[in-house]
There are 2 protein chains.
Amino acid sequence: MPMKAEPETAQETESARGPRYNEILTASIEVFSRTNYEKATTALLAKEAGIAEGTLYRYFPTKKDLFLECFRYITNQMVERYIDVYRRVGQDPRSYLIEVAKSYFEFLQENPSMRLFMAFVLNNSFDQDFRDELDRFVMFNVNATERMLRLAIEKGEIRDDINPRVGAWFFVGGYFTLILMSELDADDFKHPDFMDDLLKLFL
Amino acid sequence: MPMKAEPETAQETESARGPRYNEILTASIEVFSRTNYEKATTALLAKEAGIAEGTLYRYFPTKKDLFLECFRYITNQMVERYIDVYRRVGQDPRSYLIEVAKSYFEFLQENPSMRLFMAFVLNNSFDQDFRDELDRFVMFNVNATERMLRLAIEKGEIRDDINPRVGAWFFVGGYFTLILMSELDADDFKHPDFMDDLLKLFL
DNA sequence: CCCTGGCAAGTGAGTGCTCACTCACCTGGG
DNA sequence: CCCAGGTGAGTGAGCACTCACTTGCCAGGG
């Protein structure tokens, strides 16, 4: 149960952005990931959110803005989880890396509709705004992971023969592999020991 | 220098498919990866190939067929490289894994326009035909890698505490991470020791 | 308690544009 | 003169976005 100390959270400003803001966002995430950016027409987005097309444009100036808002909504949720983990085991880098990976894994399984967003952004990377968002999120993760790998090596908690920067890239890149696996319905993904076997590669 | 023993290779059947077949394919690959599937209009594809739009439809029944043909063209080139490596060092699983990874890495650097194709297919994975192509290529790689990891473990060439299946997935998933890195212009990608540091993670 | 004016929120037919694909026609080598 | 190979204006469908309009809520005057 989180504290209600800060009145300026996303939930509180909901009404300031309009009563349907959150409904539209979550419905749009569903549609975007069921199809893709181009196939998710504004007509369909509006229909699935239970509103008229015109209403959509009272909330978001363009379809692209709506999409980027969805992307931020998803990445913010992930980052919140990572911060939670950091609060719990930030002093123990090995546990941190394990917990973050597991938390991400759970997130993918709980929110199948959020899985494909990274791929969309990557695909639209010719567009600078899409690329900037992806860059922000990926580099945040790579840098945080690198810091933790360095610490873990210093503390002697993991093997010391790896380059922390390269390790961090492939730790984060593993997130994309998980997306790929779930897209291809790889059964390996569902094996109970999967995450432990995966982490053994690095740690 | 490959042998000219088999007359039914892609190159030989070129004229049977029409005199402009290869030109259209390579120009299309360039356009698809510079933009994306939806933004690569048939008008643009034709213009870049130096032909009229109508001609495009004498060679490929639909835009989607053209795209899938491009995808196969690229993956076939990659598979040929892997087969070459197998011929050279197939008896030495550790070398095989290293050589395949390096060969892929070189391929990405030599052919920047082929990098994004995997991401496109992933993005269009709601379409069964796109998904099937991706599935074919990824599973080919995962299975081959798993076989080699098993062999390498049996021979005691690499650490024996990893699950070969999971290792194979993340070895192949690493290919996507390389795409991500080059898209984000990560300088780490260009470091001379990069590949060696990367392989040390697994081997 | 009712009436009413104002206005935030919601609507959906309409608009102009772009696209994949077609087809009637052209061209040059044998 | 035949025809494989090439052409590009044309077509209908679908798109993002607009705008003149409707709805429902609530304040405050009678």
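Below, chains carry the letters A, B, ... as their sequence lines are ordered, and counting in each starts from 1.
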Any luck finding a side-chain donor-acceptor pair between A:Asn141 and A:Arg136 under 3.5 Å? no

Rounded distance in Å - CG (A:Leu66) to C1' (D:dC17): 13 Å

What class does the angle between the rings of A:Tyr21 and A:Tyr59 fall in, given that below 30° is parallel, 30 to 60° is tilted and above 60° is perpendicular? tilted

If we count only N and O atoms by modelled type, under 3.5 Å, do the side chains of B:Asn76 and B:Arg81 hold a donor and an acceptor together? no

Between A:Asp197 and A:Lys200, is there a side-chain N and carboxylate O pair less than 4.0 Å apart? yes

Aromatic ring proximity, centroids under 6.0 angstrom, A:Phe189 and A:Phe105: yes

Provide, to the nearest angstrom, the distance between the CG atom belonging to A:Leu44 and the P atom belonging to D:dC17. 15 Å

Under-4.0 Å side-chain N/O to phosphate OP1/OP2 contact, A:Thr55 with C:dA9: no

Have a look at B:Leu25 and tell me which of B:Glu30, B:Arg20, B:Arg72, B:Glu69 forms a side-chain contact (heavy atoms from CB on, under 4.5 Å) with it. B:Glu69

Whole angstrom is fine here: how far is it from OH in A:Tyr21 over to P in C:dA9? 15 Å

When the distance from CG of A:Leu45 to C1' of C:dG12 is rounded to whole Å, what number comes out? 16 Å

Sugar-phosphate means primed atoms, P, OP1 and OP2; the rest is base. With that split, encode nucleotides 16-26 of chain C 5' to 3' as B, S or - using protein heavy atoms under 4.0 Å. ---SBBB-B--

Given the ring of A:Tyr37, does A:Lys64 sit roughly above its face, with NZ or CZ under 6.0 Å from the centre of the six-membered ring and within 45° of the axis? no

Under 30°, 30 to 60°, or over 60°: which ring-plane class applies to A:Phe170 and B:Phe194, parallel, tilted or perpendicular? tilted

Counting just side-chain N and O atoms, does A:Arg20 come under 4.0 Å of either OP1 or OP2 of C:dG10? yes

Assign A:Leu56 to base, sugar-phosphate, or nothing according to its heavy-atom contacts below 4.0 angstrom with the strands shown. nothing

Which residues pass the side chain to side chain contact (heavy atoms under 4.5 Å, CB included) test with B:Ala27, sequence neighbours left out? B:Ala49

Degree of bending in the helix from C:dC1-D:dG30 to C:dG30-D:dC1 once both end axes are built from five pairs, to 10°: 10°

Given atom OH of A:Tyr59 and atom C1' of C:dT11, what is their separation to the nearest angstrom? 13 Å

Between C:dG10 (P) and A:Glu23 (CD): distance, integer Å: 9 Å

